[in-house]
Amino acid sequence: MKNVFSIYACTPFRGCGVNSLALGSRWCVCGEWSERSTEKAHSTLAQAPESGDIVCGGMASSHGKNEHRFADWMANLPESMHSIPLTNLAIPGSHDSFSFYIDESSPVGPEQTDAVQNFVSVFGTVAKKLMRKWLATQTMNFSTQLEAGVRFFDLRISTKPRDPDNELFFAHGLFSATVREGLEQISSFLSAHAREVVFLDFNHFYGVQNLHHEKLVSMLRDVFGEKLAPVVFAQEVSLQYLWEKEYQVLVFYHSPMALEVPFLWPGQMMPAPWANTTDPEKLIQFLQASVADRRRKGTFFVSQVVLTPKASTVMKGVASGLRETITERALPSMMLWIRAQRPGESGINIITADFVELGDFISAVITLNYHMDDEEENAT
């Protein structure tokens, strides 16, 4: 099977969200930085390698050298942050992380409604091409996301109807590549960056039965081995704790199977409330309320800075896609909200978005950690 993770890493997909699937936002540069925090972040991260432009399947990425400064951002955090629980750090994540590749030749996912199934049965490939404009929420493959600084991955798993091999695929309306391909790409990065840590959030399962769960658990053991962190209290997990034990992977699993496997963290330890709105103002209100409600619960927490179009919105912009129809108009308010946040038990933790390579989303989230360091220095 060809390596779709390399071939499609830089394909300019657009948009997300069809039916009730969440979608996210493209990012731009807006708002003001704390100059001191920015300088500290960039000087600390300057140790990371700068190996030139990213090349994906023969295509040079437009993401330049600068993105590589975040390849080791966890390792390069100030020593004062090494013992802080990861629940209290700001961590960038991607929404529908695998959707940089959408297989237009695949069947429609089993989670889709009869209306979508009928739409595709009538219009075939044309329908799938239009769907892709609203389904693909990332353009970078897993390796490139990791090099750019993403550490949280939103993963949705599906089987294909009547597949004799019982293969597991990533899926978002249509099917993506195999789960094993993605996990191996993540593992390769971690082997080369021994002090970086990732969160794998398996939060949707479509057509997955016990034998498929068992296959996925076996796959995780095979691919990550000793990198898998067993479940403990969330407040015990710091970078120092993980480095000492040489753990790099926390797997969150939204299924009862999590209760049977020591390295599967229960899904309730990674809540990710969803605003389900197409209105940027309502989204910001929801995010603020969610962060306030999260306080002192002792779990990890995801703020989904994503918008979800109504069916009428999709129909109006069906040919142009999400990015042109919705997200560009919402950029300023979303980035202003992110820059105003602070990490901590009373603040944000993980923030996810679509098209994470655009604008300053990743650096904006990472730099929030340095604001926290500033405040501690000011307090003394």
Side-chain angles (χ1 to χ4, degrees), residues 3 5-6 48-49 68 70-77 81-87 89 91-94 97-98 140-157 168 170 177-203 212-255 257-267 269-270 299-300 302 349-350 352 362 366:
N3 189 345
F5 283 95
S6 295
H68 284 278
F70 297 117
D72 293 285
W73 71 265
M74 287 180 158
N76 292 325
L77 284 172
M81 297 185 189
H82 295 177
S83 59
I84 293 175
L86 290 184
T87 55
L89 293 183
I91 299 168
S94 55
S97 308
F98 51 85
M140 298 194 296
N141 67 11
F142 286 123
S143 292
T144 314
Q145 289 184 46
L146 286 160
E147 291 283 352
V150 171
R151 294 294 178 267
F152 171 91
F153 295 95
D154 165 24
L155 305 175
R156 303 162 192 224
I157 311 302
L168 296 171
F170 297 116
T178 66
V179 173
R180 179 172 284 275
E181 281 185 273
L183 298 184
E184 288 179 346
Q185 198 169 89
I186 293 169
S187 183
S188 293
F189 171 86
L190 293 174
S191 294
H193 301 266
R195 287 161 75 89
E196 298 305 297
V197 176
V198 299
F199 302 81
L200 306 182
D201 190 31
F202 292 88
N203 52 60
H212 302 112
H213 283 294
E214 291 170 0
K215 181 173 183 174
L216 180 52
V217 168
S218 178
M219 189 186 304
L220 288 164
R221 283 198 182 101
D222 183 45
V223 172
F224 294 116
E226 298 302 315
K227 296 184 180 82
L228 293 164
V231 180
V232 294
F233 289 112
Q235 292 296 315
E236 297 179 19
V237 183
S238 64
L239 288 172
Q240 193 64 49
Y241 165 83
L242 295 170
W243 292 343
E244 289 176 357
K245 298 182 178 295
E246 300 184 352
Y247 297 143
Q248 289 181 274
V249 183
L250 282 74
V251 178
F252 294 83
Y253 211 80
H254 297 248
S255 164
M257 172 68 76
L259 301 176
E260 304 175 17
V261 181
F263 63 78
L264 294 184
W265 295 61
M269 294 184 73
M270 185 64 77
T299 65
F300 296 93
V302 181
N349 180 204
I350 296 164
T352 59
I362 295 172
I366 293 172

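Interatomic distance, Arg180 CZ to Ser187 OG, rounded to the nearest 0.5 Å: 10.5 Å. Here NZ of Lys215 is found 12.5 Å from CG of Leu220. Values are rounded to the nearest 0.5 Å. In this structure, CG in Leu155 is found 10.0 Å from NE2 in His254, a value given to the nearest 0.5 Å.
A heavy-atom distance below 4.5 Å is not found between the side chains of Met270 and Asn203. Within the 4.5 Å cutoff, the side chain of Tyr241 has heavy atoms near those of the Val232 side chain. Counting heavy atoms from C-beta on, the side chains of Phe224 and Ile186 come closer than 4.5 Å. With contacts defined as side-chain heavy-atom distances shorter than 4.5 Å, the pair Ile350/Asp201 does not qualify. A heavy-atom distance below 4.5 Å is found between the side chains of Ile157 and Phe170.
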* Where do Phe70 and Asn76 land on the side chain to side chain contact (heavy atoms under 4.5 Å, CB included) test, with the steps shown first? -> CA-CA 9 Å; Phe70 297 117; Asn76 292 325; over 6 Å; no

* To do: Test Asp72 against Arg195 for side chain to side chain contact (heavy atoms under 4.5 Å, CB included), laying out the working first.
  => CA-CA 8 Å; Asp72 293 285; Arg195 287 161 75 89; over 6 Å; no

* Stepwise, does the side chain to side chain contact (heavy atoms under 4.5 Å, CB included) test hold for Leu250 with Leu242? -> CA-CA 10 Å; Leu250 282 74; Leu242 295 170; 4.2 Å; yes

* Apply side chain to side chain contact (heavy atoms under 4.5 Å, CB included) to the pair Phe263 and Val217, showing each step before the final yes or no. => CA-CA 9 Å; Phe263 63 78; Val217 168; 3.9 Å; yes

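Judged by distance alone, the side chain of Glu196 and the main-chain N or O of Leu190 form no donor-acceptor pair under 3.5 Å. Side-chain atoms of Arg151 come within 3.5 Å of backbone atoms of Leu146 as a donor-acceptor pair (strictly under, hydrogens ignored). Counting only distance, with no hydrogens or angles, the side chain of Gln248 and the backbone of His193 share a donor-acceptor pair below 3.5 Å. A donor-acceptor pair is defined here as one N or O able to donate and one able to accept, closer than 3.5 Å; such a pair exists between the side chain of Gln145 and the backbone of Met140. Remark: the backbone N or O of Ser143 is paired with a side-chain donor or acceptor of Gln185 at under 3.5 angstrom. Using modelled atom types, no side-chain atom of Ser218 and backbone atom of Glu214 make a donor-acceptor pair closer than 3.5 Å.
The two atoms that bring Trp73 and Gly149 nearest to each other are NE1-O, 2.9 Å, heavy atoms only.
Heavy atoms from other residues, nucleotides or ligands lying under 6.0 Å from CD of Glu246 number 12 at most. By the 6.0 Å contact criterion, CD on Glu260 is enclosed, its count of non-hydrogen atoms from other residues, nucleotides or ligands being greater than 12.
Of the listed residues (Phe152, Phe153, Phe252, Tyr253), just one forms a side-chain contact (heavy atoms from CB on, under 4.5 Å) with Leu200, and that residue is Phe153.
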